[in-house]
Amino acid sequence: MTSDPAARTPARAWWGLAVLLLPALLTSMDLAILFVAGPTIAEALDPTAAQWLWMMDVYGFVMAGLLITMGGLGDRVGRRRMLTAGALLFGAASALIAFAPSPELLIVGRALLGVGGATLAPSTLSLIRAMFADEDRRRTAVGAWTVAFTGGSVAGPIVGGVLLEHFWWGSIFLINVPVMVLLLVAAPFLIPESRGPGRSRFDLPGAAASLPAILSLVYAMKHLTEHGPDGTSATAAVLGIALTAAFVQRQRRAAHPLIDVALFRVPAFAAAVGANTIAALAAAGLGVLAFTFMQAVHGLSPLQAALWALPTFAGTFAGAALATVLGPRLGPAALITSGLAVAAAGFAVIATVEPDTPLRVFVFGYAVLTSGIGIVGTIAGDLILGTAPPGRAGVAAGISETGNELGAALGIAVMGTIANSVYRTTMEDTAPPGTAPAALETVAGATAAEGPAGLLAAASAAYTEATTTAALVSAVLLALVAPLISIALRRGPGRSGPGRPPSSSTGWREPAR
């Protein structure tokens, strides 16, 4: 598509984008930063097992549960206003965590950080929709946002590892404070306020219903990862599905719904959300295994593993840049399908790895798959923002990121369960006699145990088999989903032009005001 000269993007918007990338990076970093800092924090605060799980999980729980609500609230009260409110809360919570003297206070701080993250994340993406009316320039901006948000999961362990080499554990959170101060100072000058047209009432009952629905689903996925299939995970899943159905029914009948469910009847919107969710599922499923693989099988330290993962960040950047360049020439169906295919090829490379395969082969496959994820994230994010009407950009951004969170949680649950099952089965067959039960359960247990000769070699082989099996499952999943996404994207028009809501042929309707 040719850019409209009337929709020229001022330099102020590009500087504003640079400011918006900072919270996108930090909210993603804080999901992963405890992976590398966990042992140090556990030694300093001595949490119980239950407290440790809450410290790790509460940020993602709260953030996932509030994304749609905060996106909808930003559409009504102002997205820049929500951005600055989120920055204040995120900075204050970071300072609280940095100096927390007890596990309880750290858990409270992480929960508040989740509220701040849920306020920041949809605000950044929906403000991009308002700042870049030109479709091509918006795609470039969304590509940069995709790199920042996706790259945060890699940058988190790297930044955390560097800081822990020189400072106390609280420094990994305290670094958020000056960034939030910069955001608060720069936002009023560089980022224009935007909100949805009209003044509809906020759907408070809908928001209250969405929180337990999403939290139940996320809890079910995380519990399945940690404890396997049992009554608790099944109950949480059933409750989450029932609450989600009730929430959808509420949105169909409400005069001022939090989400216009007709958005999902727009083929491009539904397919883009689906592609984002599937991509997050596959990427997170491998991400939870990759750092352990590099440390346990190849003997790297946490910081070394994070540095080896740097090419995966470059892969995301390359994918986003490629999507930006090719976007005007190729349709979204071709690009998203190609992105999923490239990611599947990267997973296929990883599926061929053996314990003695050079680590660069694993990293190469990982970088290939992240380049595919970068393509999918950029085009899908642009489609989600472009197909939703400008007045619902915050909700659309919240839906997109909630899909990411749910996809990531499901990926960790499914791929983690597959990997754990393969590891245990393989160790039961290959572990030398006298191996401790803990070594049969996890590779960490095998590394820590004083076992018979050959234990570490058997554990490395078993964990490699677990990782490659999960990669193969992801490759097959993406290969199967890609043509379905392509068909959905080709079914009907995805947009009717920058800055304009889709036509009635897409199935979209403006909510009552």
Side-chain angles (χ1 to χ4, degrees), residues 32 35-36 150-151 153-158 160-162 165 282-319 322 341-375 411 415-416 418-420 422-423 425-427 429-432 439 442-448 451 453-479:
F35 292 162
V36 69
T150 306
S153 60
V154 177
I158 295 172
V162 171
E165 289 283 332
L286 180 66
V288 75
L289 304 173
F291 281 95
T292 301
F293 174 80
M294 289 189 282
Q295 294 176 62
V297 177
H298 289 273
L300 303 184
S301 70
L303 180 57
Q304 288 173 328
L307 292 175
W308 266 93
L310 275 175
T312 67
F313 184 89
T316 305
F317 180 85
L322 190 62
V342 169
F347 279 110
V349 171
I350 293 173
T352 67
V353 167
E354 300 288 344
D356 57 351
T357 301
L359 184 57
R360 61 178 177 271
V361 176
F362 176 86
V363 174
F364 170 75
Y366 206 163
V368 170
L369 78 88
T370 56
S371 67
I373 299 299
I375 295 172
M415 300 307 164
I418 290 172
N420 289 339
V422 171
Y423 177 84
T425 302
T426 305
M427 284 294 286
D429 294 337
T430 62
T442 66
V443 69
T447 304
L455 172 60
L456 290 181
S460 293
Y463 196 78
T464 301
E465 182 73 16
T467 303
T468 57
T469 301
L472 181 60
V473 171
S474 295
V476 172
L477 176 64
L478 292 177

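Keep in mind that this is a model prediction, so the values were computed, not measured.
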State the CD1-OG1 distance between I373 and T312, to the nearest 0.5 angstrom.
11.5 Å
On a heavy-atom basis, which atom in A309 and which in M294 lie closest, and how many Å separate them?
CB-CE, 4.3 Å
Check: A462 main-chain N/O paired with T426 side-chain donor or acceptor under 3.5 Å
no
Min side-chain heavy-atom separation F347-V476 under 4.5 Å:
no
Heavy-atom closest pair, residues L478 and A344
CD1-N, 3.8 Å
Is there a donor-acceptor pair under 3.5 Å between the side chain of T425 and the backbone N or O of V422?
no
Would you give the length of the straight line joining atom CG of L359 to atom CH2 of W308, rounded to the nearest 0.5 angstrom?
4.5 Å
Distance check, rounded to the nearest 0.5 Å: L477 atom CG versus L472 atom CG?
11.0 Å
Can you see which heavy atom on A343 is nearest to which on L369, and at what distance?
O-CB, 3.5 Å
Which atom names give the shortest non-hydrogen contact between P355 and V297, and what distance separates them?
O-CG1, 4.2 Å
Stepwise side chain to side chain contact (heavy atoms under 4.5 Å, CB included) test for V349 and V361
CA-CA 8 Å; V349 171; V361 176; 4.2 Å; yes
Only counting residues at least two apart or in another chain, list the ones meeting ring-ring contact (aromatic ring centres under 6.0 Å, His included) with F293.
H298, F362
Heavy atoms of A348 and A475 approach each other most closely as N-CB, 4.0 Å
Shortest non-hydrogen contact between Y366 and A290, atoms and distance
CE1-CB, 3.5 Å
Measure from the side-chain N and O atoms of S460 to the backbone N and O of A457, and report whether any donor-acceptor pair falls under 3.5 Å.
no
Side chain to side chain contact (heavy atoms under 4.5 Å, CB included) against T468, all qualifying residues, sequence neighbours excluded:
V353, T464, E465
Flag side-chain contact, heavy atom, 4.5 Å: L286 against T467
yes
For Q304, side-chain hydrogen bond (donor to acceptor under 3.5 Å, both in side chains) partners two or more places apart:
S301
